[in-house]
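Presented below is the structure to which this report refers.
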Amino acid sequence: MDLAFLNELNDSQRKAVEYTDGASLVIAGAGSGKTRVLTYKIAFLLKQGIPASSILALTFTNKAAREMKKRIAEMVGDKTARYLWMGTFHSIFSRILRAEEGKTGFTRNFTVYDSSDSNSLIKSIIKELKLDDKVYKPGLVHSRISTAKNNLITPAAYSANSDLQKADFNSRIPLIKDIYTIYCNRCKQADAMDFDDLLLQTNLLFRNNFDVLEKYQRFFSYILVDEYQDTNFAQYLIVKKLAELHERICVVGDDAQSIYSFRGANIDNILQFRNTYKNAQVFKLEQNYRSTQTIVNAANSLIDKNEKQIRKNVFSEKEVGNLIKVSCTINDYEEGNLVAREITNFRVKDKFSYQQVAILYRTNAQSRVIEEALRKELIPYRIYGGLSFYQRKEIKDVIAYCRLVCNPHDEEALKRIINVPARGIGDTTVNKILDCAKTHSTTPWMVISDVLGHNLPVNAGTATKLANFKTIIDNFSLLSDTLNAYELVETIIKATGILSETYTDTSAENISRQENIQELLKAVHEFCENKEKNGEQNSLSDFLSEVSLLTDQDTDKDSDKNKVTMMTVHAAKGLEFKVVFIVGMEEDLFPSSYNVTSERDLEEERRLFYVAITRAEELCYISYAQSRFRNGSTNFSNPSRFIDDINPEYLIMPEKENYQRKTNRFDNWDDDIEVERMKFGNGFGSRPSRNETFIPQQPKRMVKIENSGKERKEIQNGQFKPDQKVKHSIFGTGKIVSIYLDGANEKAEIDFDGKGKKTLLLKFAKLEIIE
DNA sequence: TGACCGCGTCTTTTT
DNA sequence: GACGCGGTCA
């Protein structure tokens, strides 16, 4: 057995790889070779003769799985590696759920609803219940349902749980339980699972079928989990159950990089690992091979401000490197220019190529200004995230046809394309069908299949149109027995005229739509060839079962080589770049004011910043703007408190003078560049005369400037005043710090006894005045 | 039924 | 600024 590759590891990496007898936790600091440990460990297991098919490796993204599999194949050979169970939780367990069809009430061809399908279904349920969608906001309802599912709370349990009912009642949305119940019934009827179902149903499968659980427990003799800090309760429990028999489980992660709590990720899973697995070995990887000492030390000094963490000593033995330059510009527009100019500088000096540079931001909306600036400087870039390929209208339309062909009961797919291209079946008819399906407790497809039998109140013309539509879909379904995915998708595109719909128009938009459809065809083609090569199925439903779990990250193209990368910090997790620009480091944006209502949330934002900094290998730039065009108006902002969290010895700060400057000058990295005129939005020619908004002060709160130029801060409220003592149903008693207006929302900042300061929306908070 | 217009709302991150 | 919704008109 050739184990020479183990010599490529450092001491702690090697120990982590070689320990295979029981549970282990690998705490991997940023850049410490986490992926290396995982791949080498799997290779190590394989070399010892453990069959690939008995190793389950769960990753966070498809891309991570693919890359890891590739590396393992290089080490141990393609044949040995091929049968590894490696993928995201969602893709692995959707495979298992399909294999175990019938045990969960879903067939093996179940559709996967993406978030917009879920939202759309929730929206129609809210409408059917005649509820106000301003109160029952679909997004909000979805997130409540999602949270419930991630915590394995079924609709019945949700309705029965008095705490949840009380919370919903206090939030004035007591009927969530009904929406949740109906939502689940409708999904089941449509033979559709949403993302969260994939985890929830897996748990139900294992809970209700001990024999099935036992089968997989025996089957998977070794389990590895990557990015364990970002697992939620549903994922935690799946892993725990599967590992119960052997306890040969190895989880890898970094608590300092846990940034997905909004998706239900629970950092306690990693913090409490040793309580779950009493005999667990812990390995710490602390040497960072990625970044300069300055970057590592700066990141350490930042994360040190977090209370909740596993202390570790991440260090780098690379060169000391450059200090992190912090820059301040007058507005977001100049910030973009600053970044673009600096990137051009690199090119002139031949220091870095474009693909070694990344620009990271907190929100996708920030990409726009930066994009403009890069374009002006003729810098090629690639934006990740935002509207992903598979969320584009034309792609979703084609996919919806495919979904309907494989599963005609898929309500969301039906609604989407029943009138695309226009065939005279409008909203009125669709609503009648939905109504009718509801009263007959059946699916819309059944109604269309037998219009007369269901007494659908439409005229003969409409009935014919519906019959024609049904014939189209039925014909495709017949073809699906003989054609592979590529042939069928091609037929669908041609026969439905989706493509020809765009032919008439030669606008740039339509050309891009055509290209996208061609791109999709290419992807299906590749899928079919790949599957054929491996002797696997390549029918349309096989394609669909994979495509619904793909994301933008998975569509890398060769043409994207040598471009600057632009993405959110979240999307950058796991990646590394020679040069990283972190833009928009402003209070209320980063940390995001929407996100932060507690110290716990603030710590997550801080971890997010930590992730951003540690992406950089050699150079890291941080910038913030004094004003920014956001949500249709210009807002003044203060530098992020996180900048102060970094030990200043690693930073070059903008000169203090610039910090508070009242003139139109801005600080920049090249002092000789001419100052451009500030760009302010509509009718905002005159700046407010007050300057104090530029002076850093506590609390660092963004002051909203209306277009009229008026400044609004704290406001009067008839009922609530600062210093009042109040009681909240969840947070208990506290004292009001301030009442202020955020946009149109009246908010209260309250210092709760023992719970710290929180910001609440007055209209929802239901506060009781104590004194 | 479908195209178009204007208004109001909502702006975080993603498998 | 962008999008979705509701209303109006052909």
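Remember, predicted model here, so these are calculated numbers, not experimental data. Numbered from 1 within each chain, the chains take letters A, B, ... in sequence-line order.
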Within this structure, what is the [atom1]-to-[atom2] distance between [X] and [N], rounded to whole angstrom?
{"X": "Gln235(A)", "N": "dT15(B)", "atom1": "CD", "atom2": "P", "value": "12 Å"}
{"X": "Tyr236(A)", "N": "dT15(B)", "atom1": "OH", "atom2": "P", "value": "25 Å"}
{"X": "Lys149(A)", "N": "dT15(B)", "atom1": "NZ", "atom2": "P", "value": "18 Å"}
{"X": "Ile433(A)", "N": "dT1(B)", "atom1": "CD1", "atom2": "P", "value": "10 Å"}

Lys/Arg-Asp/Glu bridge criterion (N-O < 4.0 Å) met for Glu371(A), Arg368(A):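 So Glu371(A) does not pair with Arg368(A) through a salt bridge.
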Side chain of [X] only, heavy atoms from C-beta on: which candidate in [options] is closest?
{"X": "Asn419(A)", "options": "dG1(C), dT15(B), dG2(B)", "result": "dG2(B)"}
{"X": "Thr363(A)", "options": "dC10(B), dT15(B), dT13(B)", "result": "dT13(B)"}
{"X": "Phe195(A)", "options": "dT15(B), dT14(B), dT12(B)", "result": "dT15(B)"}
{"X": "Arg368(A)", "options": "dT14(B), dA2(C), dC10(B)", "result": "dA2(C)"}
{"X": "Phe262(A)", "options": "dT14(B), dT1(B), dT15(B)", "result": "dT14(B)"}
{"X": "His570(A)", "options": "dT13(B), dT1(B), dC10(B)", "result": "dT13(B)"}
{"X": "Thr568(A)", "options": "dC10(B), dG2(B), dT13(B)", "result": "dT13(B)"}

N/O donor-acceptor pair under 3.5 Å between Asp197(A) side chain and Asp194(A) backbone: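 Yes, the answer is positive, given that a donor and an acceptor are paired below the 3.5 Å cut-off.
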Nearest-nucleotide comparison on DNA chain B, the residue closer to the 5′ end among Glu605(A) and Arg423(A):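 It is Arg423(A) whose nearest nucleotide is closer to the 5' end.
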Contact under 4.0 Å: Lys137(A) side-chain N or O vs dC10(B) OP1/OP2: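 Yes, within the criterion.
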Below the 4.0 Å mark, does dT13(B) have OP1 or OP2 next to a side-chain nitrogen or oxygen of Asn364(A)?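 Asn364(A) to dT13(B) OP1/OP2: side-chain N or O found under 4.0 Å.
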Select base, sugar-phosphate, or nothing to describe what Thr429(A) touches, counting heavy atoms under 4.0 Å on all strands.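 Touches sugar-phosphate only.
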Just checking Lys465(A): base, sugar-phosphate only, or nothing, at a heavy-atom cut-off of under 4.0 Å?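 Touches nothing.
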Please answer whether dT15(B) and Phe60(A) are stacked, defined here as ring centres separated by less than 5.5 Å and planes angled under 30°.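 No.
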Derivation of the salt bridge (charged side-chain N to carboxylate O under 4.0 Å, His left out) call for Arg108(A) and Glu100(A): CA-CA 8 Å; Arg108(A) 70 169 299 121; Glu100(A) 303 296 332; over 6 Å; no
For the base of dT13(B), is there a side-chain donor-acceptor partner from Arg263(A) under 3.5 Å away?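 No.
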For dG4(C) and dT13(B), measure between their C1' atoms and round to the nearest Å.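 Here dG4(C) and dT13(B) have their C1' atoms 22 Å from each other.
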With a 6.0 Å cut-off on ring centres, are His570(A) and Phe262(A) close enough?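 Judged by ring-centre distance (under 6.0 Å), His570(A) and Phe262(A) do meet the cut-off.
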Run the salt bridge (charged side-chain N to carboxylate O under 4.0 Å, His left out) check on Asp117(A) and Arg403(A) step by step: do they pass? CA-CA 12 Å; Asp117(A) 293 320; Arg403(A) 277 166 51 177; 2.8 Å; yes
